[in-house]
Student: 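Got a structure for you, written out below as structure tokens; questions coming shortly.
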Amino acid sequence: MALHYVTQQRAITDALRQSVMEDLPELADIGDAALRAKAVEAWAFALAHSSFGRISDIPPGGNPGMNVLKRGSQADHLRGVARLALAIADEFAATRPEVRIDRDVVLAGALCHDVGKCYEFDPVNQARWADDPSATGQPTLRHTVFGTFVCLAVGLPEEVAHIACAHSLEGQHIGVSTECMIVRHADHAYWSVAGALGLLIPETLRPNAILRVRRLATELPRAAE
Ligand SMILES: [Fe+2]
Ligand SMILES: [Fe+2]
């Protein structure tokens with residue numbers, strides 16, 4: 001049977017890094033310059049190992065074909081989770097000054113939590129896995145697992161790799177850090193609230209017994225004139 005290897009498909013250039021900064025402008029708010037550079041590098045590395053040109057080319061889903069936004073791209077989700085996570089951190093820091101939160105880890109972790117989607121969402125990989133799941137697994141690696149590899153490969157700290165690893169199902173099997181708990185809730189809130197607000201494509205909604213979807217303002221019947 002043919003074996004498969006994850007290979008770099010194009011050079012990691014300054015133009016690619018620049019596209020990462022353009023798609024995720026909140027990266028500029030990471031205070032630690034080395035952490036900021038490695039967060040950019042994680043996305044450039046992951047993109048260079050995929051068939052996606054830039055982050056905004058990745059479809060806006062929670063998983064491939066599931067909880068997909070009606071418009072926008074994966075960058076909208078990443079930026080939304082980053083802002084929600086910081087809002088959670090800043091709320092507690094402002095009202096409970098005795099708490100200790102590493103704001104840079106929250107921000108870098110939120111912006112990189114789905115870096116593995118370059119691999120899991122890659123249509124080339126999706127087609128290969130669908131062709132013979134018995135040989136490859138389907139997916140071979142979830143984005144959490146591939147994202148953990150990417151974070152460690154570019155030299156991001158374990159604290160950020162942990163958030164890529166444990167923000168989703170995998171985090172139900174290990175103890176999660178404080179910063180990971182914040183990003184997990186921001187991530188899950190993003191999809192749950194987007195679903196309730198009617199921002200997700202109905203056929204892609206993850207089964208959810210308590211969800212009742214509100215129509216968008218643009219979907220209401222026009223009032224009689
Ligand atoms: Fe995720
Ligand atoms: Fe996410």
Side-chain angles (χ1 to χ4, degrees), residues 20 23-27 30 39 42-43 45-47 49-50 52 54-89 105-123 125-126 129 137-154 156 159-174 176-197 199-201 204-208 211:
V20 171
D23 285 349
L24 301 181
E26 288 77 11
L27 282 162
I30 298 173
W43 275 106
F45 179 97
L47 287 164
H49 285 73
S50 81
F52 290 116
R54 58 189 297 159
I55 297 170
S56 52
D57 291 337
I58 304 173
N63 290 291
M66 185 168 282
N67 279 353
V68 182
L69 288 165
K70 290 175 179 171
R71 62 180 172 84
S73 80
Q74 194 62 225
D76 295 290
H77 169 64
L78 296 160
R79 299 182 66 192
V81 170
R83 291 187 292 251
L84 281 172
L86 288 183
I88 293 169
V105 169
V106 170
L107 181 52
L111 291 170
C112 291
H113 80 282
D114 279 336
V115 69
K117 285 181 177 174
C118 295
Y119 171 82
E120 190 185 358
F121 282 46
D122 191 328
N125 290 335
Q126 288 279 320
W129 297 331
Q138 189 180 29
T140 301
L141 305 169
R142 261 168 49 80
H143 67 278
T144 44
V145 177
F146 193 81
T148 305
F149 155 68
V150 169
C151 290
L152 296 176
V154 302
L156 275 167
E159 287 80 358
V160 174
H162 170 71
I163 293 173
C165 177
H167 74 270
S168 185
L169 303 174
E170 291 76 5
Q172 292 168 209
H173 303 287
I174 57 175
V176 301
S177 72
T178 299
E179 287 75 17
C180 184
M181 186 65 83
I182 292 170
V183 174
R184 271 179 71 89
H185 279 278
D187 186 40
H188 300 183
Y190 185 95
W191 294 120
S192 299
V193 177
L197 291 172
L199 292 170
L200 303 178
I201 299 170
T204 71
L205 284 174
R206 183 190 292 276
N208 181 340
L211 179 67

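In listed order, ligands and their atoms are each counted from 1. We're numbering straight along the sequence, starting at 1.
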Student: Examine the side chains of D23 and S56 and answer whether a donor and an acceptor come within less than 3.5 Å of each other.
Tutor: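 Yes.
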Student: Run the salt-bridge test on R184 and D187 with the 4.0 Å N-O cut-off and return the result as yes or no.
Tutor: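 No, no charged N to carboxylate O under 4.0 Å.
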Student: Can you list the protein N, O or S atoms less than 2.8 Å from the Fe ion (ligand 1)?
Tutor: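 Short answer, with waters excluded from the count: D114 OD1, H143 NE2, H167 NE2.
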Student: If you take all heavy atoms of L152 and A161, which pair is closest and at what distance?
Tutor: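 Minimum heavy-atom separation between L152 and A161: CD2-CB, 3.7 Å.
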Student: Taking side-chain contact (heavy atoms from CB on, under 4.5 Å) as the definition, give me every residue that meets it alongside N63, ordered by chain and number, with sequence neighbours left out.
Tutor: M66, E120, R142, H143, R206
Student: Not counting sequence neighbours, which residues clear salt bridge (charged side-chain N to carboxylate O under 4.0 Å, His left out) with R83? List them please.
Tutor: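 Applying salt bridge (charged side-chain N to carboxylate O under 4.0 Å, His left out) to R83 gives E26.
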Student: Return the set of residues passing side-chain contact (heavy atoms from CB on, under 4.5 Å) with L197 (not counting sequence neighbours), or none when no residue passes.
Tutor: V193, L199
